Structures are given as structure tokens and as C-alpha cells.
Protein chains: 2
Amino acid sequence: MMGFPRLDRDSIVPLYRQIYEHLREAILAGTLPESARLPPERTMADRLAVNRSTVVHAYRELVAEGLIQQRVGSGSRVVPQVRGGQPERAAGVPWWVTLPPWRVGEFPNVLGELAAKQEPGRISFVQGVAPDEPSPLGELAKSFNRVARDPRFVHSYGDSEGYEPLRAAVAARMNARGAATITPNSIIVLTGSTQGIAIVAQSLAEPGDEIIVESPSYPGALQVFQINGLRAIPVPVDDEGMRVDHVEAILRTRRPRFIYTMPALHNPTNATMNADRRERLATLARRGGVPIVEDDPYGPLAPAGAPLVALAPDYVVYISTFSKTIAPSLRVGWLAAPRTILERLLLRKQAYDMATSLYVQAAITDYLEHGYDAHVEQLRAELVERRALADKAIARHWPATLRISRPAGGFYLWASTPRELRARALLDASERLGASFLFGEAFFANSGGDHHFRLALTAVARREIAEGIRRIGRAIATLRS
Amino acid sequence: MMGFPRLDRDSIVPLYRQIYEHLREAILAGTLPESARLPPERTMADRLAVNRSTVVHAYRELVAEGLIQQRVGSGSRVVPQVRGGQPERAAGVPWWVTLPPWRVGEFPNVLGELAAKQEPGRISFVQGVAPDEPSPLGELAKSFNRVARDPRFVHSYGDSEGYEPLRAAVAARMNARGAATITPNSIIVLTGSTQGIAIVAQSLAEPGDEIIVESPSYPGALQVFQINGLRAIPVPVDDEGMRVDHVEAILRTRRPRFIYTMPALHNPTNATMNADRRERLATLARRGGVPIVEDDPYGPLAPAGAPLVALAPDYVVYISTFSKTIAPSLRVGWLAAPRTILERLLLRKQAYDMATSLYVQAAITDYLEHGYDAHVEQLRAELVERRALADKAIARHWPATLRISRPAGGFYLWASTPRELRARALLDASERLGASFLFGEAFFANSGGDHHFRLALTAVARREIAEGIRRIGRAIATLRS
């Protein structure tokens with residue numbers, strides 16, 4: 001007889017997944033015998049005090065793996081051929097049923113939405129891409145063209161650590177931002193900053209380890225941590241950045257493997273960590289022997305100020321990218337790390353994709369010499385103007401009961417709705433009126449986000465900002481009436 | 001008192017690494033007390049029956065991590081501050097000392113050599129890159145140029161599974177090669193085929209699991225498997241491909257997670273698996289419920305013949321790349337997998353780098369329409385001609401005691417030396433005479449390779465093939481005299 005699963009509501013593993021894994025184990029171990037009937041979804045949901053849809057989701061996964069069958073009228077039954085004394089690889093069990101457990105939750109769907117296609121007529125504040133204007137494409141195409149016929153760049157794997165002149169150009173720019181210790185040799189070129197997050201998740205921690213993350217935080221990073229079995233200890237973010245006092249309290253009793261933070265133009269709140277908190281965080285890292293993973297995709301667009309790596313170079317793995325300042329399709333980023341761990345990180349990078357495209361690296365190096373800095377300057381101004389347009393439209397079209405994150409300058413606007421207004425419901429209503437955004441849940445490692453949403457102000461044409469906000473305002477009015 | 005480590009000579013973990021891990025554990029656990037002196041390197045080497053350099057290597061890693069100090073005259077001592085009741089994160093221990101264990105052996109150095117720079121005047125048969133001629137660069141540059149100014153391609157992340165028209169073009173070409181069940185929806189575009197190997201290593205197996213690999217095999221794959229803690233069961237390769245009878249014997253008693261094979265123009269032997277063995281391998285996979293990972297970078301260049309995935313579509317994860325047929329700097333490959341596991345593989349890919357460069361994907365799609373097939377045709381002919389030149393030079397300049405792998409058509413020539421001639425010694429002698437190649441060790445998961453080496457006939461100008469082989473022949477003569 002199988003017991004009902006005991007759910008851990010604090011776990012990073014979603015509830016449906018916990019149910020699924022419990023049942024899967026019971027079936028493979030034979031505790032749930034051949035042809036046994038599973039409790040009806042509603043009964044299971046009541047017993048576990050979860051939504052019925054959570055159980056439906058868990059059962060559906062078991063069906064997809066061929067472990068149970070569902071028939072109208074007779075409910076869910078264990079598929080006969082699966083049972084047996086040797087459940088692992090028993091004859092008749094498809095091989096994919098016995099694959100290692102899969103630590104994946106609900107983030108992937110959200111990432112799917114991040115990459116969602118535009119619907120005609122809909123103003124979509126969803127994707128965190130740079131605005132169409134100013135466009136780097138004209139100069140960038142010239143840079144691509146200058147390197148495209150050169151066999152040295154196209155006809156070679158290049159070094160795993162990256163193209164040396166690109167590492168030198170990146171190091172020089174980081175030196176100029178105050179990170180004086182960074183040299184070309186402390187940099188590894190990445191295939192986008194996601195690769196850097198994967199590298200730290202797999203090189204600095206092991207499945208089951210705890211890490212500190214901001215709450216809210218970047219969904220892509222949360223997904224990487226979750227897939228790698230890391231357990232998130234969330235720390236709130238306010239208008240001055242991460243609540244470092246919370247970090248301090250956590251470090252008194254726990255030993256997380258690292259602290260993941262986005263201290264400049266934080267995604268989704270746009271917050272930039274103030275100087276006091278930066279100093280304090282660096283001190284905590286040093287004192288506790290806990291490294292910081294500084295994710296800085298928007299740093300080059302932030303108001304002047306040194307990155308965290310400038311304060312504690314031996315305790316920071318710094319990650320950034322050209323996705324936000326040039327274009328996401330380049331898939332080129334970089335990390336800077338202490339020498340003590342650089343080889344470890346490099347080998348992990350090598351084991352993901354050997355080396356980042358030397359052709360694209362060479363083109364970026366060329367573009368850094370030809371138009372990059374002027375483009376970044378224009379982009380910074382554009383972001384400020386877009387935010388001003390949004391603020392004006394919000395003042396006009398949204399009720400004062402919605403709170404808006406104040407820090408400006410980045411790609412995003414983070415809104416908090418009053419108790420009676422759930423973000424998912426607002427999204428549904430807004431989409432019917434021709435505007436969309438990202439609801440909050442994706443940004444929280446464990447739970448929360450029902451009353452938050454993010455607008456990517458950069459994802460739409462400038463002239464659509466006010467109209468999109470007006471449509472969302474109308475959706476709010478619909479729901480309140 | 002610390003005991004000497006017990007070495008496992010059959011392990012995939014190199015001996016130096018086993019020694020290092022044993023000592024590191026003893027130091028962190030306090031078994032090796034503060035200021036304790038380690039046995040001199042020579043003593044340790046004698047006791048363990050290993051080369052002194054193996055011990056030197058292990059000690060050097062401990063020095064690099066700040067765990068021991070080495071002083072002339074007083075040998076190697078445990079660094080004081082590391083000891084203590086709480087070795088993990090004890091005050092004064094640098095944070096990187098307590099990182100998770102690192103499963104990395106000697107492959108990385110070899111990969112470094114794979115990416116080695118050319119020395120002037122040296123004929124380097126090292127890198128597995130396509131020949132300079134025929135060059136795809138002219139047409140390819142036009143394709144790049146056609147997409148470089150299009151914001152849809154440059155200014156977007158694209159979908160994680162890859163650009164749909166590229167997946168369609170790849171599926172059509174695989175259908176034409178006999179893999180009839182493959183559709184655009186069973187394909188995921190990869191950032192190079194290494195990414196596909198990483199995906200299967202992390203999604204189809206867990207650290208400690210066994211897998212079957214060919215012996216010899218592609219060093220990049222062996223490195224990925226090793227970093228991910230997989231244990232290789234080697235199976236020999238002969239001129240007809242993998243010895244499937246060995247696979248059958250292994251499957252009688254063991255349950256490897258998958259069988260990794262390169263059935264067409266195998267690296268390094270150039271062997272292509274015959275039809276009987278293909279059928280038998282597919283049957284074994286089905287019967288044993290063990291999936292096959294078919295690594296097929298050279299498949300499009302092979303003589304006509306269906307890939308393994310055509311024989312057992314539900315049991316094969318197929319991986320290929322444009323690195324060999326177009327250019328390595330594109331970093332674009334693809335995998336095709338059964339629907340049952342495709343989402344799992346896709347989420348893993350997403351967690352490495354979100355999506356492969358849409359710009360490069362769009363350019364390749366354009367090139368597939370404009371010059372690719374003619375280029376591949378020319379390349380195939382070029383490979384045959386190069387091999388003929390090499391065979392002729394070998395007949396003239398090398399003694400008959402060297403055995404040469406017979407299968408032709410691919411990038412490589414695999415040579416086996418007589419007992420008295422070690423490949424490393426031959427490499428040293430050849431480099432002095434201005435020719436280099438890759439010695440065999442890198443190609444073997446566990447041990448072996450002292451008497452093998454690989455020439456990449458594609459890595460040099462065509463006119464240099466004979467001269468390079470003549471120089472190696474002179475080096476052989478030097479060593480035999």
C-alpha cells in the first residue's frame with residue numbers, strides 16, 4: 001500500500017513535481033502494484049491540500065512516461081508491464097522511464113513565454129531585449145563583414161578562454177569602471193551570460209547545496225539553479241538593492257555555496273545596490289568565506305559606479321554579456337574570476353561548447369573599436385526617456401493602488417498590485433485588450449509573485465509605450481468593476 | 001597517521017588525481033595534522049609504483065590550493081591554518097579550498113594541444129579542422145551579409161530549440177540520408193556538437209554511472225564524460241567500426257546508461273561501421289533498453305549510408321555539427337532525439353546558453369540554400385585525394401612496421417607504432433624535425449595509446465602532406481638508430 005506523499009512546501013521543487021516523483025518511485029519499486037488504481041485527482045488534491053491542477057499535472061507526467069494509463073470512467077491505473085522484481089530496466093519498460101530524476105519545475109514554461117512570439121496588434125512588454133532604436137546593426141554589419149572572409153576567424157576553433165584581443169578590450173573597460181585587478185587573463189569569454197550562470201552552478205556547488213538569491217530575481221538564473229538541484233535561500237530586494245542585512249542574518253547560521261546578485265539595474269526591479277550595502281556585502285563574503293556571483297548584464301548601462309568585483313576581487317565571480325548593450329543573437333558574454341578557480345571554470349566551459357564562436361568574437365572586437373561606446377551612450381539616454389514616457393502614462397492611466405519600483409534607467413518597470421488584483425488575472429485581461437507583460441511568479445525562487453508583474457519598456461516601439469500602459473490601465477479598471 | 005592512498009588503476013580518474021584527492025581529504029579531515037610533513041615525492045612514487053611526475057603533479061595541485069607548502073630542503077608540509085575541528089569553511093581557509101570535488105583528469109591538457117597554435121615552419125597535423133580548400137568562406141560571407149542587418153535575426157534571442165527553417169533544412173537532409181522519422185520537431189539546434197555531448201552526459205546519466213565508449217574515441221567527448229563523473233567501459237574499434245560483439249558481452253552483465261559511438265568516419269580511425277554491426281547494435285539497444293548516442297560530425301562526408309538513427313529511431317540520440325562541413329567557428333550543430341526525452345534535453349540546452357545564435361543560424365540556413373551541397377561534394381573529393389597523397393608518402397617514407405588504419409575518406413589517419421617506438425617520443429623527435437601530430441593517449445578513456453598517433457590530414461596545406469610525412473619518417477629513423 002502506497003502512502004500519500006509528504007510535501008515540502010518550502011522546497012524549490014514544485015509541488016506537482018514532488019507528487020510525480022513520489023508516485024514514480026512507488027511504481028518503479030513495486031509499492032504501487034500492477035494495475036493498481038491511483039486515487040482520483042480530486043481525492044489526492046484534497047488529501048494533500050493542493051490545487052487539483054497540481055495533481056493533474058503530476059499524473060500527466062506519469063502518463064507521458066508510460067507509467068500510468070488514464071481512461072474515462074476507470075481513472076488512473078499503473079501500467080502492467082512496468083512492475084517486476086527488477087524495476088530498473090525491466091523488460092518492456094521503455095528506457096527513458098528509468099532515466100535519472102529530473103529536477104525541473106515550472107520555470108521552463110515561463111522561459112518559453114520570454115521567447116514568445118509577438119501577436120499582431122498586441123503591445124508586448126515581455127522580452128528583455130534592447131530597443132530597436134538606437135540600432136547597432138549598421139556598424140555591426142560592417143564589423144561582421146570585415147571578419148567574415150578571414151579564415152583565421154571563421155576557419156578555427158580558437159581558444160576556450162576566448163579571443164585575446166576581445167578579452168583585452170573587455171578588461172580595459174572593466175578597469176575603467178573601477179575593477180582595477182582584472183586582466184585579460186582573468187577573463188573567460190562565454191556563449192552568453194547564461195553559460196556563466198551554468199558554470200558557477202555546476203562548478204561552485206553540488207546538487208542539494210544552498211545558495212542565496214535575490215527575491216525577485218532573473219528567471220533564467222533561477223531555472224539554471226533549479227535544474228542543477230541547488231536550493232535557493234531568498235533575500236528581498238528594495239529600491240536600494242539586495243537587503244544585505246538579511247544576508248548577514250542568514251550567514252550566522254547557514255553556509256550557502258554562493259550569493260547570486262544583480263547589483264546594477266537589477267532584473268526585474270531596476271534597483272542598483274547602494275554603496276553602503278556593497279561594502280557590507282563584500283565584507284560579509286570575505287568574513288564568511290562565501291563567494292559572490294555578480295551578474296551584471298546591465299552594468300555597462302548603469303550610472304557610473306564600480307561593480308562589486310572591484311571591492312572584493314578574490315571573492316567575486318563576475319558575469320556580463322553583450323546581449324543587452326549590442327544584441328542578444330551574438331550569444332557572447334564574459335566572466336572574470338579569481339585565478340584560484342579560473343581553470344576549474346574554464347574546463348567546465350570547455351565541456352559545454354569547447355569555445356565561443358571566434359567569428360562572432362572577432363566581429364565584436366571590431367565593433368568595440370568602431371561604434372560600441374557611442375551606441376551605449378545613446379542607449380543609456382534612450383532608456384531614461386522611455387522610463388519618463390512610462391511614468392507619465394502610468395500617472396495618467398493606472399490607479400495609485402499599484403506601486404511602481406522607483407529606480408529608473410534600466411530595461412524594466414516592476415509593478416506591485418493591490419491584494420484584490422492578481423497579476424495572472426491582470427495579464428489575461430490585458431491580453432484581451434492588446435497588451436502583455438510578464439507576471440511575477442517567474443521571478444521568485446520558491447513562491448510569491450502573484451501580485452507583481454514586469455514591463456520590459458525596451459521590448460516595444462517607443463511610441464507604443466503610452467498606449468500599452470493605457471490598455472493595461474483599462475484592464476485594471478475592468479477587473480475592479 | 002595517514003595511510004598511503006589505494007590507487008584504482010582501472011578508474012577513469014587519473015592516478016595523480018586519486019593521490020591528490022586522498023591527501024586533500026586527509027588534510028581537511030585533520031588526519032594529516034598541522035605542519036605534518038608529506039612523504040618525499042620519490043618515496044611516495046616508489047610506494048605507489050607510479051612515476052615520480054604523477055606525485056609531483058598531485059603535490060603541485062595541493063600547493064595551488066594553499067593546502068601544503070613546499071620549501072627546498074624541508075619538503076612538503078601541511079599549511080597550518082587549514083587544520084581544525086571544522087575543516088569545512090574554517091576561518092582562514094580560502095573559500096575555493098572547500099569547493100566540491102573536481103573530476104578532471106589529464107584530458108584538458110590534450111584539448112589545449114588540440115587548440116595549439118601553429119609554429120612557423122612546422123607542419124602541424126594536429127587540429128581536426130576542414131582543409132583551407134575548398135573554402136566555403138566566399139559564399140558564407142554573402143550569407144552572413146544577407147542576414148546581418150535584419151533585426152529579426154540579430155536583435156532577438158530566438159527559440160531554444162533553434163530556428164525553424166534551419167531545423168527543417170536539417171531534417172530534410174537527414175530524411176534524404178535514410179532517417180525517415182526525423183522531423184523539424186525532433187531536432188534541437190546546438191551550440192556545436194560538444195553541447196550535445198554535454199547534454200546527454202548530464203541528462204541521460206548521473207555521476208558514477210557507466211557508459212560504453214569506443215576505444216579509441218574522440219577526446220572532447222571523453223573529457224565531457226569524465227568531468228561529469230561517468231565511468232567509461234571501453235570497446236575496441238577495428239576497420240569495420242565498433243566491435244559490437246564486445247558490446248553484446250558487456251550488456252550481459254552490466255547496465256550502462258548509454259553507448260557512445262561515432263559510426264561514420266570515426267575519429268580517430270576513420271572507420272565506418274559495417275551494415276551487419278549496425279543492425280546488431282540497434283537490436284542490442286532495443287533488447288537491452290540501452291540508448292545509443294550517435295556522434296556523427298563526419299557523417300555528411302561519409303559514403304552513402306543511413307545513420308544508426310534510421311535503424312532505431314526510438315533508441316538513438318543523434319548529434320552532428322556544421323563544424324566539419326562548413327567551419328568550426330560557427331559553433332552550430334544539432335541533435336535529433338525521440339520525442340519522449342526531447343523536452344528534457346531541450347531544458348538542459350536552455351540551461352547552458354538559452355539559445356544558439358539566431359544570427360549564425362539564419363546565415364547557415366541561407367548558406368544551405370546557396371552553396372552548401374556543392375561545397376560538401378568538393379570537400380568529399382578533397383578528402384579522398386589527400387588520403388591518396390598521404391598513403392603514397394607513407395609507402396615511401398615510413399617503415400612497414402607502422403600499421404596504418406585502412407579506412408579512408410575522413411579527416412584522419414591513425415597509425416600504430418611497433419613496441420619499441422612510443423608515440424610521445426616520436427612526437428618529440430618529429431617536432432624537432434618540423435612536424436607534429438596528436439599522440440594516442442588522448443583517445444583512450446582509461447589507458448593505452450602509447451603506441452598510436454593521429455594525423456589530421458586536413459590541418460595542413462595539401463602540398464605539405466608529403467613533406468610532413470617525410471619528416472615524421474626521418475624522426476622514426478632517428479629513434480630506431
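So you know, we letter chains A, B, ... as the sequences are listed, proteins then strands, and number each from 1. Here the structure is a predicted model, which means the values were calculated and not measured.
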Inset, instruction - Look at A:D314, A:L346, A:T356, A:V332 and state which one has the largest set of heavy-atom pairs under 4.5 Å with chain B. - result: A:D314
Legend entry - Under 4.5 Å from a heavy atom of chain B, the part of A:A205 involved: backbone
Legend entry - Non-hydrogen atoms of A:V224 and B:A351 that approach each other most closely: CG2-O, 3.7 Å
Inset, instruction - Name the region of B:L358, side chain, backbone, both or neither, that has any atom closer than 4.5 Å to a heavy atom of chain A. - result: both
Inset, instruction - Please flag which part of A:Q361 lies under 4.5 Å from any non-hydrogen atom of chain B: side chain, backbone, both or neither. - result: neither
Legend entry - Side-chain donor/acceptor of A:H155 to backbone N/O of B:S135, under 3.5 Å: no
Legend entry - Which portion of B:S203 sits near chain A, non-hydrogen atoms under 4.5 angstrom: backbone
Inset, instruction - Check whether any side-chain N or O of B:R149 sits under 3.5 Å from a backbone N or O of A:A141 as a donor-acceptor pair, and report yes or no. - result: no
Legend entry - Region of B:S193 in contact with chain A, defined by heavy-atom distances below 4.5 Å: neither
Inset, instruction - Please test B:Y352 against A:Y352 for ring-ring contact (aromatic ring centres under 6.0 Å, His included), starting from the C-alpha separation and ending with a verdict. - result: CA-CA 7 Å; B:Y352 290 154; A:Y352 290 153; 4.7 Å; yes
Legend entry - Engaged part of B:L204 at the chain A interface, taking heavy atoms whose separation is under 4.5 Å: both
Legend entry - Distance, nearest 0.5 Å, that separates CZ of A:R331 from CE of B:M354: 6.5 Å
Legend entry - Per-residue contact mode, B:I326 against chain A (heavy atom under 4.5 angstrom): backbone
Inset, instruction - Identify which of A:I197, A:T191, A:T340, A:D353 forms the greatest number of heavy-atom pairs closer than 4.5 Å to chain B. - result: A:T340
Legend entry - Contact class of B:D150 relative to chain A, heavy atoms under 4.5 angstrom: backbone
Legend entry - Heavy-atom pair count under 4.5 Å with chain B, highest-scoring of A:D209, A:L137, A:L330: A:L137
Inset, instruction - Could you check which of B:A198, B:P151, B:P136, B:S156 has the highest count of heavy-atom pairs closer than 4.5 Å to chain A? - result: B:S156
Inset, instruction - Heavy atoms only, distances under 4.5 angstrom: which of B:S323, B:G192, B:A355 has the most pairs with chain A? Name it, please. - result: B:A355
Legend entry - Side-chain donor or acceptor of B:S329 paired with backbone N/O of A:Y359 under 3.5 Å: yes
Inset, instruction - Go through B:K142, B:R339, B:Q202 and name the one with the most non-hydrogen pairs under 4.5 angstrom from chain A. - result: B:Q202
Inset, instruction - Please flag which part of A:N145 lies under 4.5 Å from any non-hydrogen atom of chain B: side chain, backbone, both or neither. - result: side chain
